Amino acid sequence: MVNPRLVHLKKRGEFLRVASARRKFVTPSLILQARPHDESDAEDTAPIRVGFTVSRRVGNAVVRNRVRRRLRAAAEEIMPGFADANSDFVIIGRRSALGQEYTGLTGHLKSALAKYEKENNKQKPIAE
RNA sequence: CCAGACGGUCGGAUGGCUGCCUUUCGCGUUUCGGCGCGGGGGGAGGAAAGUCCGGGCUCCACGGAAACACGGUGCCGGGUAACGCCCGGCGGGGGCAACCCUAGGGAAAGUGCCACAGAAAGCAAACCGCCCGGCUAAGUUCCAGCUUGCUGGAACAAAGACGGGUAAGGGUGAAAGGGUGCGGUAAGAGCGCACCGCGCUGCCGGUAACGGUAGCGGCAUGGUAAACCCCACCGGGAGCAAAACCGAAUAGGGACGGCCGGCCGGCAUUGCCCCAGGAUUUUGUUCUUGGGUGAUGGCUGGCAAGCGUGUUUUCGCGCUGCUGUCCGGGUAGGUUGCACGAGGCGUCCGGUAACGGGCGUCCCAGAUGAAUGGCCAUCUAUCGUUGCCGGUUUCGCCGGCAGCGUGGACAGAACCCGGCUUACAGGCCGUCUGGCACC
RNA sequence: GGGCGAUUAGCUCAGUUUGGCAGAGCACCGUGUUCACAUCGCGGGGGUCACUGGUUCAAGUCCAGUAUCGCCCA
């Protein structure tokens with residue numbers, strides 16, 4: 001396995017499904033998209049699933065690789081402790097992630113995850 | 001020491017914490033496909049890029065070969081698996097030089113084009129001009145006559161049209177039919193001569209491209225082929241998203257069964273029998289056409305029934321076989337292709353070189369939403385700034401040392417290899433050229 | 001990864017085949033018409049032909065290279 005606690009999204013359809021949930025949180029260095037699991041894929045809830053997107057507008061191949069690797073390192077450090085395990089995430093890299101301090105990068109990810117958690121808890125009582 | 005030319009090479013280093021991909025060994029486990037744990041090895045480039053050429057490999061097409069068409073290449077010789085690449089040489093151009101640039105076959109095989117300007121743009125012609133000839137002839141001079149200012153004659157002659165000679169000069173243009181000089185001439189002209197250029201022939205050197213030289217010709221043959229074209233040589237097409245194998249779920253196709261089967265009509269297919277016609281045959285027979293009759297969950301129309309649905313009724317819409325086993329195509333996905341190769345390094349030999357050969361040694365990335373990383377510390381190249389010192393053609397420039405700050409250029413394999421082109425902070429090494437100083 | 005195409009005025013496009021003056025429509029400016037505006041008439045400005053070299057007397061056009069944008073292939 002890639003990581004015992006993080007599984008990567010690989011299919012184009014999975015990315016589109018996360019984007020269609022329309023839950024987006026913007027920070028200076030990254031954009032977080034999230035989607036809670038529904039009944040259809042609730043049978044195994046253990047790994048957090050996350051995908052990375054860095055478009056061509058960010059830069060050439062070297063820049064894109066570096067942005068994606070820094071974001072992946074930050075996600076592997078932060079997400080097992082902070083993220084809701086019953087959700088899929090897509091992290092979209094922005095150009096400023098290249099020069100951002102690493103602690104700032106993890107801070108941005110933490111704040112985006114916290115916003116998602118807060119919104120989720122606010123919605124739950126209505127749903128139940 | 002300064003300035004420059006060419007070639008080669010490197011393209012951050014070390015350590016710590018923590019991850020990813022791959023491979024191998026050991027142990028454990030297994031539903032025999034693998035999985036887990038631990039140890040070891042390996043993990044981006046000179047351009048991995050652009051996709052501009054050449055090959056390997058795969059599929060498609062094709063009896064062999066050639067030709068046509070289309071595309072490409074284009075001085076000569078060599079290297080190579082091959083090339084439009086590389087090496088050496090030649091011609092032309094540039095630079096004081098080292099050296100650099102060069103798509104560089106054919107324009108007397110043919111066609112096209114050469115705008116504007118100019119007389120004329122390709123075959124020789126003639127606008128202005130220059131010169132000659134006779135003709136007309138203002139005018140000037142001289143002679144003769146006499147009606148003394150007129151007439152006649154002669155010579156010279158501005159100018160004009162005409163006929164001829166010429167291409168030196170003018171002007172236009174990117175380009176005007178060899179150039180310069182002397183002679184020559186009515187004026188001119190390769191008309192003659194010398195040198196240069198050009199062409200032809202011979203000789204010498206060279207494998208050749210080509211170079212040198214002698215004689216002859218007296219200038220004929222403008223440019224454009226990255227315009228069509230001619231000549232010589234090369235090329236079948238597509239590309240690893242090629243191709244091969246395994247293969248879910250869902251829908252649909254086919255075969256064989258089981259259960260159940262509302263009525264009427266049309267079409268189609270088909271079996272058997274009957275009737276009629278035709279063909280064939282001696283006959284039997286066989287074939288065929290039409291009609292009748294029966295069958296077929298093959299299509300279709302209507303009514304009825306059932307189910308679903310619009311909240312319910314009326315009313316409307318949609319569906320009508322259900323089910324089991326097997327087969328084939330094939331999607332998602334997976335595996336192979338896929339990394340031992342025109343391989344790297346060292347050394348010796350041949351060759352001016354590109355390169356070739358022998359020997360030894362090494363195994364050196366294989367991802368697929370795509371691994372080769374993230375964070376930290378120290379050092380270092382560079383750059384900025386400050387101070388000090390030294391050199392010097394004072395502004396200034398160069399070099400060294402120290403402090404502070406910044407902190408690496410272009411750029412990421414995607415089947416592989418040989419080239420080309422493009423991007424690139426800077427460092428190091430070697431060879432050579434010019435200038436200055438000293439011995 | 002591989003295979004193709006495009007780039008001309010502020011915008012949309014001709015012109016490229018066969019080299020010679022860079023054009024059209026809309027937009028912009030001035031002016032006339034109108035009490036005023038629109039429409040309409042007349043006149044005008046605006047271009048490194050994406051960029052860099054080469055061939056040619058001459059390049060938007062021909063030939064190489066570069067940049068940007070777009071399309072197709074499982």
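Letters A, B, ... mirror the listed sequences (proteins, then strands); counts begin at 1. On a predicted model such as this, the values are computed, not experimentally measured, just so you know.
Minimum atom distance to the side chain of A:R68 is reached by B:rA371, of the listed B:rG369, B:rG412, B:rA371. Among B:rC376, B:rG369, B:rA411, the nucleotide with an atom closest to any side-chain atom of A:E101 is B:rC376.
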Using atom names, set out every protein N or O paired with an N or O of nucleotides 42-47 of chain B below 3.5 Å, distance rounded to 0.1 Å.
none

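B:rA44 has its base syn relative to the sugar, with a glycosidic angle deviating from 0 by at most 90°. A glycosidic torsion no more than 90° from 0 defines the syn conformation, and B:rG46 adopts it. Applying the 90° criterion around 0 to the glycosidic angle, B:rC53 comes out anti. Nucleotide B:rG318 carries an anti base; the chi torsion (O4'-C1'-N9-C4 or O4'-C1'-N1-C2) is more than 90° from 0.
Of the side-chain N and O atoms in A:R72, one or more sit less than 4.0 angstrom from OP1 or OP2 of B:rU372.
One atom, NE2 of A:H8, and another, C1' of B:rU368, lie 14 Å apart when rounded to the nearest Å. B:rA371 atom P lies 12 Å from atom CD of A:E76, rounded to whole Å. In this structure, the CZ atom of A:F15 is 7 Å from the P atom of B:rA370, given to the nearest Å. A:I78 has its CD1 atom 15 Å from the P atom of B:rG19, to the nearest Å. Atom OH in A:Y102 sits roughly 15 Å away from atom P in B:rU18 (whole-Å rounding). For the pair A:F52 CZ and B:rA370 C1', the computed distance is 13 Å after rounding to whole Å. When the C1' atom of B:rC376 is taken as reference, atom CZ of A:R70 falls 13 Å away, rounded to whole Å. Taking atom CD on A:Q100 and atom C1' on B:rC375, their separation rounds to 15 Å, with Å as the unit.
Judged purely by atom type and a 3.5 angstrom limit, A:N65 has no side-chain atom pairing as donor or acceptor with the backbone of A:R68. Checking side-chain atoms of A:S96 against main-chain N and O of A:P28 turns up a donor-acceptor pair under 3.5 Å.
With a cut-off of 3.5 Å on both Watson-Crick or G-U wobble distances, the partner of C:rU66 is given as C:rA50. In this structure B:rG202 sits in a base pair with B:rU213, meeting the Watson-Crick or G-U test at under 3.5 Å. If you check B:rC245 for Watson-Crick or wobble pairing at under 3.5 angstrom, you find it paired to B:rG334. Under the Watson-Crick and G-U wobble criteria, each requiring two contacts below 3.5 Å, nucleotide B:rA13 is paired to B:rU378. Pairing for B:rC156 is with B:rG139, a Watson-Crick or G-U wobble pair whose two hydrogen-bonding atom distances lie under 3.5 Å.
Rounded to whole Å, the separation between the C1' atoms of B:rA13 and B:rU347 comes to 32 Å. Rounded to whole Å, the C1' atom of B:rA115 lies 36 Å from the corresponding atom of B:rG84. For the P atom pair drawn from B:rG89 and B:rC99, the interatomic distance equals 11 Å after rounding to whole Å. Nucleotides B:rG54 and B:rU80 are separated by 11 Å at their C1' atoms, to the nearest Å. Taking atom C1' on both nucleotides, B:rG341 is separated from B:rC417 by 8 Å, rounded to a whole Å. Spacing between B:rG384 and B:rA371 at atom P, rounded to whole Å, works out to 38 Å. When the C1' atom is compared between B:rA248 and B:rG334, the two are found 11 Å apart, to the nearest whole Å. Taking atom C1' in both B:rG169 and B:rC231, one finds a spacing of 47 Å when rounded to whole Å.
The residue from A:R70, A:Q100, A:R94, A:H108 that alone fulfils the side-chain hydrogen bond (donor to acceptor under 3.5 Å, both in side chains) condition with A:S29 is A:H108. Of the listed residues (A:V62, A:L98, A:L105), just one forms a side chain to side chain contact (heavy atoms under 4.5 Å, CB included) with A:V67, and that residue is A:L98.
Qualifying ring-ring contact (aromatic ring centres under 6.0 Å, His included) partners for A:F52, counting only residues two or more places apart in sequence or in other chains: A:H8.
As judged by a 4.0 angstrom heavy-atom cut-off over every strand, A:R66 is placed among residues touching the sugar-phosphate backbone only.
Distance check, rounded to the nearest 0.5 Å: CD1 of A:I91 to CZ of A:R72 gives 11.5 Å.
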query = Does the pair A:Y116 and A:Q33 meet the rule for a side-chain hydrogen bond (donor to acceptor under 3.5 Å, both in side chains), with working shown?
reply = CA-CA 9 Å; A:Y116 169 62; A:Q33 291 180 324; over 6 Å; no
